[in-house]
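Okay, structure first, notes after.
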Amino acid sequence: MIITRFAPSPTGLLHVGNLRTAILNWLWARAKGGHFLLRIDDTDAARSQERFVDAIRGDLAWLGLTPDGEERQSHRLDAYEARFEALRAAGRVYPCYETPQELDLRRKILLGRGLPPIYDRAALSLSDAARAAFEAEGRRPHWRFRLDETRAIAWGDHIRGQQRFDPATLSDPVVRRADGSWLYLLPSVIDDIDMGITDVVRGEDHVSNTAAQIQMFEALGASPPAFAHAALLTGGEGKLSKRLGSLGVAHFREQGIEPQAIVALLARIGTSDPVEPFADPAPLIANFDFTRFGRAPARFDEQELTALNARIVHQLDHAAVAGRLPVGMDAVAWEAVRPNVVRVADAADWWAVIEGPVALPDELSPDDRAYCATAAATAATLDWTGDPWHALTAALKDATGRKGKPLFLPLRLALTGRAHGPDMAALLPLIGRERALERLSLVASR
Ligand code: GLU
């Protein structure tokens with residue numbers, strides 16, 4: 001069974017790149033009938049906050065990405081300690097005493113010589129006496145994972161295809177800080193093993209982490225999961241801009257974006273499949289496949305999201321939006337205005353038009369005002385229970401000889417105060433006889 005995990009660090013709010021990672025993990029698990037886990041990567045106690053954990057859960061719930069389970073790294077420290085001890089006994093993690101300044105200086109020297117800034121493993125050749133001297137000075141070691149340079153690293157990435165890394169081109173990664181706290185790399189591998197993760201789906205900024213982590217899986221006697229590294233998102237400006245990094249669910253909700261629009265867009269950008277307005281994710285799940293993903297950065301465009309949102313809102317039935325509509329706006333009214341809204345909240349504007357008062361149009365000529373007087377008189381004689389708009393316009397066509405725009409537009413302007421809007425045949429019964437007569441007569445009397 002496929003098991004994926006979305007593993008955010010609760011050090012901030014999820015941004016659109018994180019949301020995409022969550023969506024891809026969820027889609028892959030759902031497409032395969034597998035499990036999708038939420039894993040809270042909260043080993044950094046100083047920067048992790050409970051309010052961000054709550055926000056992450058809330059964001060997933062709002063998007064409809066229901067996890068099949070939740071795990072927390074801060075509850076698993078004993079498991080990390082035990083594996084760490086085993087790796088230490090096997091010589092795969094080793095203590096290092098360099099200060100950040102010393103490391104920085106060495107990096108600069110290597111770069112100055114035109115060499116890659118790879119950690120030189122000086123700590124591996126420290127004598128016991130040298131180590132004891134550092135300890136006596138009060139230095140505590142941080143720990144690195146020792147890569148095995150004799151084992152080439154390779155994996156078949158779901159998106160990037162065959163990947164190869166020469167371990168000699170990588171620094172032994174730091175896995176534990178001097179204060180004993182964990183960096184994410186090793187706990188993540190231990191979790192992936194213990195939770196039976198079969199597929200790690202994340203952004204391509206993690207590709208070199210994957211190279212190091214593959215050796216950690218092997219060092220812990222496990223076979224690595226499959227990997228899918230998605231190309232990063234870019235904003236309009238090219239790079240994953242600051243703006244993208246700050247766009248999250250709160251912003252989208254404020255903009256009236258439906259969760260389905262976010263899922264539909266982020267599931268498809270960067271793939272060879274078209275972005276389509278799926279109000280229900282079933283077709284997205286059914287067609288989901290990493291082979292459709294390209295290697296080029298995927299462009300995230302808020303205008304595309306807004307346009308997609310409108311197309312999704314146009315499919316939502318009254319029951320799906322009732323709680324967000326003005327009091328009294330029933331299914332008939334929602335369906336009348338729905339084609340003319342981009343956001344559900346826009347329905348309130350049209351409800352105000354139905355309820356009135358409406359702004360008096362000033363673009364009506366004396367002729368059109370006289371026409372509205374005729375319309376008011378005609379409307380008073382109509383049967384309003386059927387289709388008053390067609391009855392009214394048919395009668396006026398006969399009586400005045402008007403047709404097309406001169407027939408319809410003055411009526412729309414008088415009845416709604418606007419030149420454009422929902423189908424008048426749907427709107428007029430909602431405005432109703434009394435308000436319609438009042439609006440037409442008011443225009444006529446000006
Ligand atoms: N906590 C890591 C991150 O947010 C997880 C990466 C991963 O999916 O392994 O970058």
Side-chain angles (χ1 to χ4, degrees), residues 9 11 41 43-44 46-47 84 87-88 90-155 157 160-189 200 202-220 224 227 229 231-232 238-242 245 295 297:
S9 305
T11 53
D41 282 6
T43 55
D44 186 342
R47 292 174 58 232
F84 178 79
L87 290 174
R88 181 155 83 151
R92 293 304 297 272
V93 292
Y94 60 97
C96 302
Y97 292 88
E98 293 92 345
T99 63
Q101 293 78 0
E102 285 164 355
L103 290 171
D104 198 44
L105 184 64
R106 283 194 216 168
R107 259 195 303 270
K108 283 189 180 133
I109 293 171
L110 288 170
L111 286 169
R113 292 196 201 134
L115 296 170
I118 296 169
Y119 176 61
D120 61 9
R121 292 182 163 169
L124 273 179
S125 37
L126 286 177
S127 63
D128 288 347
R131 263 196 291 272
F134 281 133
E135 297 274 348
E137 259 177 41
R139 287 207 204 183
R140 291 284 162 270
H142 56 275
W143 296 80
R144 289 185 188 261
F145 176 77
R146 192 192 160 138
L147 293 166
D148 180 350
E149 64 280 14
T150 66
R151 287 176 70 94
I153 300 167
W155 76 93
D157 196 282
R160 298 167 61 85
Q162 193 57 36
Q163 301 289 295
R164 283 186 182 285
F165 269 83
D166 176 357
T169 63
L170 302 169
S171 288
D172 287 342
V174 176
V175 293
R176 197 168 191 180
R177 299 184 191 88
D179 66 1
S181 66
W182 299 98
L183 282 105
Y184 122 90
L185 284 177
L186 182 61
S188 178
V189 167
V200 170
R202 56 192 182 183
E204 69 177 13
D205 49 330
H206 281 290
V207 166
S208 59
N209 287 337
T210 296
Q213 286 181 316
I214 281 179
Q215 286 213 345
M216 294 179 191
F217 280 100
E218 291 169 354
L220 291 167
F227 289 91
H229 292 94
L232 299 184
K239 263 259 143 222
L240 181 84
S241 57
K242 256 220 182 94
R295 299 272 308 262

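Nothing here was measured: the structure is a model prediction, and the numbers come from that model.
Ring orientation note: the planes of Tyr119 and Tyr94 are close to parallel, at an angle under 30° on the 30°/60° scale. Taking the six-membered ring for Trp and thresholds of 30 and 60 degrees, Trp155 and Phe165 have nearly parallel ring planes, at less than 30 degrees apart. The aromatic rings of Tyr97 and Phe134 sit parallel to each other, their planes meeting at less than 30°, with 60° as the upper class boundary.
Side-chain contact between Val93 and Phe145: present, with at least one pair of heavy atoms (C-beta onward) separated by less than 4.5 Å. Residues His229 and Asn209 have side chains not in contact (no heavy-atom distance under 4.5 Å, counting atoms from C-beta outward). Put simply, the side chain of Gln213 does not reach to within 4.5 Å of the side chain of Val200, judged on heavy atoms. Contact annotation: the side chain of Leu124 never approaches that of Arg144 to less than 4.5 Å [non-hydrogen atoms, C-beta and beyond]. Annotation: side chain of Ile118 is not in contact with side chain of Leu110 (no heavy-atom distance under 4.5 Å). Contact annotation: the side chain of Leu220 never approaches that of Arg92 to less than 4.5 Å [non-hydrogen atoms, C-beta and beyond]. Residues Met216 and Leu186 are in side-chain contact: their nearest non-hydrogen atoms beyond the backbone lie under 4.5 Å apart. The shortest side-chain heavy-atom distance between Asp157 and Val207 does not fall under the 4.5 Å cut-off.
Between the side chains of Arg47 and Ser9, no donor-acceptor pair of N or O atoms lies under 3.5 Å.
When all heavy atoms of Pro173 and Leu185 are compared, the closest pair comes out as CB-CD1, 3.5 Å. Closest of all the heavy-atom pairs between Trp182 and Pro187 is CB-CG, 3.6 Å. Ile153 approaches Pro167 most closely through the heavy-atom pair CD1-CB, 4.1 Å. Heavy-atom minimum distance, Glu135 versus Pro141: OE2-CD, 3.6 Å. Across Pro95 and Ala123, no two heavy atoms sit closer than the pair O-CB, 3.4 Å. In terms of heavy-atom proximity, Arg295 sits nearest to Glu204 at O-OE1, 4.5 Å.
Thr210 places a side-chain N or O within donor-acceptor distance of the main-chain N or O of His206, the cut-off being under 3.5 Å. Counting only distance, with no hydrogens or angles, the side chain of Gln215 and the backbone of Asp148 share a donor-acceptor pair below 3.5 Å.
In this structure, the separation between CD on Glu149 and CG on Asp166 is 9.0 Å, given to the nearest 0.5 Å. Of the inter-residue distances, the one linking Ile214 atom CD1 with Leu147 atom CG reads 11.5 Å to the nearest 0.5 angstrom. To the nearest 0.5 Å, atoms CG (Leu115) and CD1 (Ile109) are separated by 11.0 Å. Note: Cys96 SG to Asp172 CG = 8.0 Å, rounded to the nearest 0.5 Å. Atoms CD and CG, on Glu98 and Asp120 in that order, are 7.0 Å from each other to the nearest 0.5 Å. How far CD of Gln163 is from CZ of Phe227: 11.5 Å, rounded to the nearest 0.5 Å.
Residue Arg151 qualifies as open at atom CZ: its count of foreign heavy atoms under 6.0 Å is 12 or below.
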